[in-house]
2 protein chains.
Amino acid sequence: MEYNTQPLEYFIESCRKNNLKVTPQRMAIFQALVQDGSHPNPEIIYNRVRAKHPTISFATVYKTLETFEKFGLITRVTRLHDTVRYDPEIEPHHHIICVKCRKVINLFDEGLNNLPVPREVTSSNHVVDYSVHFNVVCEDCNN
Amino acid sequence: MEYNTQPLEYFIESCRKNNLKVTPQRMAIFQALVQDGSHPNPEIIYNRVRAKHPTISFATVYKTLETFEKFGLITRVTRLHDTVRYDPEIEPHHHIICVKCRKVINLFDEGLNNLPVPREVTSSNHVVDYSVHFNVVCEDCNN
DNA sequence: TTTCCACAGAATAATCATTATCGTCTACTT
DNA sequence: AAGTAGACGATAATGATTATTCTGTGGAAA
Ligand SMILES: [Mn+2]
Ligand SMILES: [Mn+2]
Ligand SMILES: [Zn+2]
Ligand SMILES: [Zn+2]
């Protein structure tokens with residue numbers, strides 16, 4: 001379902017499926033996230049929600065987003081936002097990222113280094129580089 | 001140059017090129033980063049360096065890594081680590097990320113959704129999903 | 001080789017993002 | 001209508017990163 005297709009109904013249905021209570025705050029948080037495609041951070045969502053719910057707490061926004069993610073209602077742009085991860089490899093390459101232990105492994109692959117970059121990307125941007133993130137559960141974390 | 005090919009010489013040469021002073025701490029920080037392919041965070045690097053430089057400061061590690069990155073000696077796994085960015089779109093898609101203003105734009109592309117996943121990835125991991133990050137300088141930031 | 005100084009390092013405080021705690025409240029069940 | 005598990009709000013605590021300030025030194029210049 002697209003993010004702008006009857007988002008409220010979709011949201012309520014998803015909550016019910018997961019035994020999450022439907023509250024005004026939760027609806028407002030979801031709507032604040034869905035209202036455009038800007039991939040906002042918690043602070044922006046907090047400010048949007050405050051317009052209608054002036055007493056909402058920052059912690060509530062954090063907790064709620066975490067809950068939504070846990071139940072698959074929303075996602076994160078990257079799973080590696082918690083601390084900076086540095087890399088001495090400056091040539092183009094890709095990464096295998098374990099979503100559980102946060103291990104990051106280099107992936108060198110000729111095919112991936114020569115992807116056809118969509119016109120949508122090149123038409124209005126100067127492309128610095130690109131890389132593919134494979135989110136995985138690694139061998140060590142698999143049991 | 002590979003990260004494990006005479007890394008010290010490469011490091012010193014790179015510093016000289018950029019008028020960065022070559023200090024024992026800087027060499028140690030670079031070596032701590034290069035010693036394996038683990039994409040360590042500043043804390044891990046700090047702990048590694050402390051073995052030989054017990055008085056080094058955490059802040060020095062941060063500043064030095066920042067400097068290295070600024071001059072292109074090293075990179076980051078993702079440029080979106082600073083705050084969580086949430087996404088209501090749960091279907092597979094990709095992102096255009098401006099490295100200057102941190103804008104994130106959705107990219108839906110059939111071709112990118114069906115990349116041949118290298119055996120190296122599938123052989124020892126359970127793939128959850130993958131996405132392509134196009135790091136760009138966007139139109140708005142381009143002048 | 002000595003001198004000098006811009007830049008690097010150490011210590012520490014400050015800031016910013018995120019998470020934990022806990023008392024109160026309420027959505028939903030019965 | 002009442003009961004209860006879970007949600008909310010307030011706030012403190014933690015963790016990551018950045019700023020400040022003072023001291024020290026690498027490397028150019030004399
Ligand atoms: Mn890498
Ligand atoms: Mn997206
Ligand atoms: Zn793992
Ligand atoms: Zn931009």
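Chain identifiers are assigned alphabetically (A, B, ...) following the order of the sequence lines, protein sequences preceding nucleic acid strands; residue numbering begins at 1 within each chain.
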(request) Using the side chain to side chain contact (heavy atoms under 4.5 Å, CB included) rule, pick out the option among A:I97, A:V99, A:N135 that qualifies with A:L80. (result) A:I97

Using atom [atom1] of [X] as one end and atom [atom2] of [N] as the other, report the distance to the nearest whole Å.
X	N	atom1	atom2	answer
B:I56	D:dT23	CD1	C1'	16 Å
B:K21	D:dG24	NZ	P	16 Å
A:R85	D:dA16	CZ	P	12 Å
A:R102	D:dA16	CZ	P	11 Å
B:L20	D:dA28	CG	C1'	16 Å
B:R16	D:dG27	CZ	C1'	9 Å

(request) Please confirm whether the backbone N or O of B:A32 pairs with a side-chain atom of B:R48, one donor and one acceptor, at under 3.5 Å? (result) yes

(request) Between B:T23 and A:T23, name the one whose nearest nucleotide on DNA chain C is closer to the 5' end. (result) B:T23

(message) Closest-nucleotide mapping onto DNA chain C: is B:R26 or B:V84 further toward the 5' terminus? I mean the 5' end.
(response) B:R26

(message) Quick check: closest heavy atoms across B:H133 and A:V77, and the distance to 0.1 Å?
(response) NE2-O, 3.8 Å

(message) Can you give me the closest heavy-atom contact between B:F134 and B:L107, atom names plus distance?
(response) CE1-CD2, 3.5 Å

(request) Give the cluster check for B:Y10 versus B:I74: same hydrophobic cluster or not, with ILVMFWY residues linked at side-chain heavy-atom distances below 4.5 Å. (result) yes

(message) Hydrophobic clusters here meaning ILVMFWY residues chained together by side-chain heavy-atom distances under 4.5 Å, can you tell me if A:I90 and B:L65 are in one?
(response) yes

(message) Reading DNA chain C in the 5' to 3' direction, which nucleotide is the first one with an atom under 4.0 Å from a heavy atom of chain B, and which is the last?
(response) C:dA6 to C:dT18

(request) Side chain of A:T83 only, please: which of D:dC8, D:dG26, D:dA16 is the nearest? (result) D:dA16

(request) Before accepting this row, confirm whether a basic side-chain N of the pair B:K70/B:E66 lies closer than 4.0 Å to the acidic partner's carboxylate O. (result) no

(message) At a heavy-atom distance below 4.0 Å, what parts of residues 59-81 of chain B sit against DNA chain C?
(response) B:A59, B:T60, B:K63, B:T64

(message) Please give me every residue in residues 38-54 of chain A whose heavy atoms get under 4.0 Å of an atom in DNA chain C, ordered by residue number.
(response) none

(message) In the structure I gave you, are the side-chain heavy atoms of A:I56 and A:R50 within less than 4.5 Å of one another anywhere?
(response) yes

(request) Find out whether B:V132 and B:D109 are in side-chain contact, i.e. whether some heavy atom of one side chain is under 4.5 Å from a heavy atom of the other. (result) no

(request) Would you kindly say whether B:N106 and B:H95 are connected by a side-chain donor-acceptor distance under 3.5 Å? (result) yes

(message) Regarding A:N113 and A:H94, do their side chains bring together a donor and an acceptor under 3.5 Å, going by distance alone?
(response) yes

